[in-house]
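Since the structure comes first, as structure tokens, the remarks are kept for the end.
Residues take their numbers from the sequence shown, with the count starting at 1.
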Amino acid sequence: MKNSSSFSAVSSDPYGEGAARVAFVVAASFSFLASCLLFCIACYVIEVHHVTQLTRDQWVIYRSYLEDDWLHAAVAIRNGHRVFFPAFITYIDIFWFQATNTFLVRSALAFNLISCLLVVYTFLQHSTRPLIEKCLLIGFVLAQFFWLGNFTQQGFGFNAVIFYFLQLMFLVAVLGLSRALNIAGPANDYRDPRAFRRSWGWLAVSVVSAYCVALSFGTGMAIWPLLIILAWVARSRHTVYIHLFLHTGICAWIYFVLPGTETIERQLHFYPQTIAAFAVKLIGSPFYYMVVDFGLGANGLGTKERIAQVATYIGGAGLGVGLIVILVAMVARPRLNVVHRVALALMLLGVGASVLIPLGRIFFLDPLADRYIFWPILYWLGLVLWLFEGPVCALPSGRLRMLGLWGLIFYPFLLFYSHSVMSHRLANFSDKLTTAALSFKVGLVDSADAAAIIGWPQQTRERLDLMWPQIVDQRLG
């Protein structure tokens with residue numbers, strides 16, 4: 001049986017009459033098709049033009065896999081992060097697929113697709129919205145998951161497998177906890193043994209998935225307070241809190257007892273003002289990447305600094321609305337359906353990331369860096385799902401509701417230009433890496449040029465030549 005929501009109220013709003021209604025339906029249909037086209041383009045570009053050469057942090061990460069045994073390499077600190085579970089997928093790429101990155105990128109693409117399908121399935125099963133609004137929101141979900149503004153994560157194997165494995169496990173943890181809470185409920189005394197087993201089985205799925213999230217990336221540690229907040233809003237039984245707090249402590253102990261803890265501790269810094277400024281700019285960064293390539297200067301949208309400033313204002317507004325939603329949910333503790341719980345979890349993850357990232361990156365921090373855009377994309381996905389599943393679409397027929405729906409209609413079209421630019425950027429960067437690596441191998445260019453393109457300029461030519469030659473020979477020979 002579907003859960004009811006205190007925010008949900010199905011309305012028979014006709015979206016206008018006559019020609020206005022036809023125009024709305026046609027526009028919504030084209031918007032959905034545009035989102036599907038964005039998805040197809042992203043899959044093609046990622047499959048054909050993903051980065052196949054080793055680059056950036058991979059030079060150091062992969063070296064440890066060849067110099068140490070697999071377990072030591074898996075538990076080692078990577079730039080202040082523990083990437084224990086994705087390390088096993090990376091290990092497979094090195095020793096079974098000659099470090100071509102293709103296995104990593106395809107695995108990440110599969111993780112991203114499964115994540116998208118989980119959100120879409122949850123929305124279709126539990127949303128009370130009319131069919132046309134469901135299609136618009138599904139199109140928005142597709143666009144958010146596969147917009148190539150996030151190409152740094154989608155096109156680079158070692159980044160992709162970390163972020164999208166974490167994303168999938170995060171959704172499984174949230175949906176598992178939601179399922180457990182639905183079965184258990186505050187009033188359920190477990191007189192039915194089957195309900196008892198099912199509830200604790202789903203809770204176990206959530207906890208195991210949470211461990212996978214927490215030990216896949218440093219920011220993933222936000223999963224534990226996030227699950228506790230979801231349990232609080234759902235008015236969960238006290239036994240659920242006990243288990244979540246217990247596993248939070250165990251996971252934190254594991255995280256800090258493994259080798260490399262001193263590296264993490266050295267990087268931790270707490271400056272509230274810096275964190276607040278970073279969070280506002282980070283949440284606005286998708287808008288920056290959406291419009292910055294439309295053109296700069298007198299004939300364009302202005303300077304990058306002006307666009308970044310506007311993006312900061314948008315980020316501040318979006319973050320403010322999201323924090324109000326989160327605080328109201330925590331105080332009022334309304335009865336939420338599964339869609340609202342997923343949306344709330346996505347917002348909490350975005351806020352958690354915007355706090356945790358500057359804790360360990362205070363001295364070389366750029367909130368507009370493309371490697372961070374993954375987190376605000378999920379935040380905006382959660383905020384839009386919450387608003388359109390509840391307050392906006394529950395409004396009676398009026399301008400605010402239609403304004404929101406037309407915003408969803410135009411959104412995929414607004415992404416097309418940046419989607420195309422990022423597609424070309426990924427393809428060109430991949431080609432440059434391949435050319436640089438081949439030139440470096442045969443000695444046609446000096447080491448400084450090649451190393452700069454490859455992304456690890458502090459490595460000298462001699463150091464690169466000595467770096468695990470068996471991999472270099474397999475890849476370039």
Side-chain angles (χ1 to χ4, degrees), residues 61 71-88 162-163 165-178 180-181 200 202-234 236-272 274-275 278-279 326 330 341 344-362 365 372 374-375 378-379:
I61 294 173
L71 184 58
H72 284 87
V75 302
I77 294 292
R78 310 292 183 202
N79 288 337
H81 301 283
R82 293 204 185 277
V83 292
F84 183 77
F85 289 101
F88 293 102
I162 292 173
F163 283 96
F165 177 80
L166 180 150
Q167 175 183 267
L168 176 58
M169 290 298 100
F170 165 80
L171 289 171
V172 172
V174 171
L175 291 172
L177 178 63
S178 181
L181 295 175
W200 287 104
W202 281 109
L203 184 60
V205 169
S206 178
V207 168
V208 171
S209 301
Y211 275 100
C212 293
V213 174
L215 297 178
S216 292
F217 200 68
T219 315
M221 286 297 291
I223 186 66
W224 295 110
L226 187 153
L227 293 178
I228 293 171
I229 292 174
L230 290 181
W232 165 261
V233 173
S236 167
R237 297 169 62 90
H238 68 278
T239 50
V240 175
Y241 294 115
I242 293 173
H243 277 77
L244 291 178
F245 276 109
L246 175 64
H247 287 289
T248 299
I250 293 173
C251 187
W253 179 81
I254 293 174
Y255 197 91
F256 287 101
V257 78
L258 291 174
T261 302
E262 63 282 354
T263 304
I264 301 175
E265 293 175 347
R266 284 198 305 267
Q267 292 183 343
L268 292 178
H269 301 86
F270 182 71
Y271 299 111
T274 302
I275 292 174
F278 178 86
I326 292 170
M330 292 179 64
R341 287 175 183 165
L344 182 62
L346 290 168
M347 285 187 285
L348 286 168
L349 181 64
V351 173
S354 65
V355 172
L356 291 177
I357 291 173
L359 283 179
R361 290 287 186 270
I362 198 69
L365 198 62
Y372 294 138
F374 171 83
W375 308 105
L378 294 181
Y379 174 85

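- Scanning both residues, W232 and M330, for their nearest heavy atoms gives NE1-O, 2.9 Å.
- Contact annotation: the side chain of W200 approaches that of T239 to within less than 4.5 Å [non-hydrogen atoms, C-beta and beyond].
- The structure places OH of Y241 at 13.0 Å from OG1 of T248, a figure rounded to the nearest 0.5 Å.
- A side chain to side chain contact (heavy atoms under 4.5 Å, CB included) with L344 is found for one member of L230, V174, L226 and no other, namely L230.
- Taking every heavy atom of both residues into account, G220 and L166 meet most closely at CA-CD1, 4.1 Å.
- In plain terms, the two heavy atoms of M347 and Y379 that are nearest each other are O-CD1, 3.5 Å.
- Among the candidates V205, L203, I228, the single residue satisfying the side chain to side chain contact (heavy atoms under 4.5 Å, CB included) test with L177 is L203.
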Check: Going through the distances and angles, do M169 and F85 end up as a side-chain contact (heavy atoms from CB on, under 4.5 Å)?
Finding: CA-CA 11 Å; M169 290 298 100; F85 289 101; over 6 Å; no
Next item on the list: Please assess S354 against W375 for the test side-chain contact (heavy atoms from CB on, under 4.5 Å), listing each intermediate value before the final yes or no.
Entry: CA-CA 8 Å; S354 65; W375 308 105; over 6 Å; no
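- In this structure, W224 CH2 and I250 CD1 are separated by 8.5 Å, a value rounded to the nearest 0.5 Å.
- To the nearest 0.5 Å, atom NE2 of residue H247 and atom CG of residue L227 are 11.0 Å apart.
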Note to self: Before you tell me yes or no, could you show the steps for F170 and L346 under side-chain contact (heavy atoms from CB on, under 4.5 Å), namely the whole-Å CA-CA distance, both residues' side-chain angles and the distance that decides it to 0.1 Å?
What the structure shows: CA-CA 9 Å; F170 165 80; L346 290 168; 3.6 Å; yes
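- For the residue pair S209 and V172, the shortest heavy atom distance occurs at OG-CG1, 3.1 Å.
- To the nearest 0.5 Å, atom CZ of residue R237 and atom CG of residue L181 are 11.5 Å apart.
- In this structure, L348 CG and I229 CD1 are separated by 5.0 Å, a value rounded to the nearest 0.5 Å.
- To the nearest 0.5 Å, atoms CZ (F217) and CD1 (I223) are separated by 15.0 Å.
- Shown here for L356 and A222, the closest heavy-atom pair between the two residues is CD1-CB, 3.8 Å.
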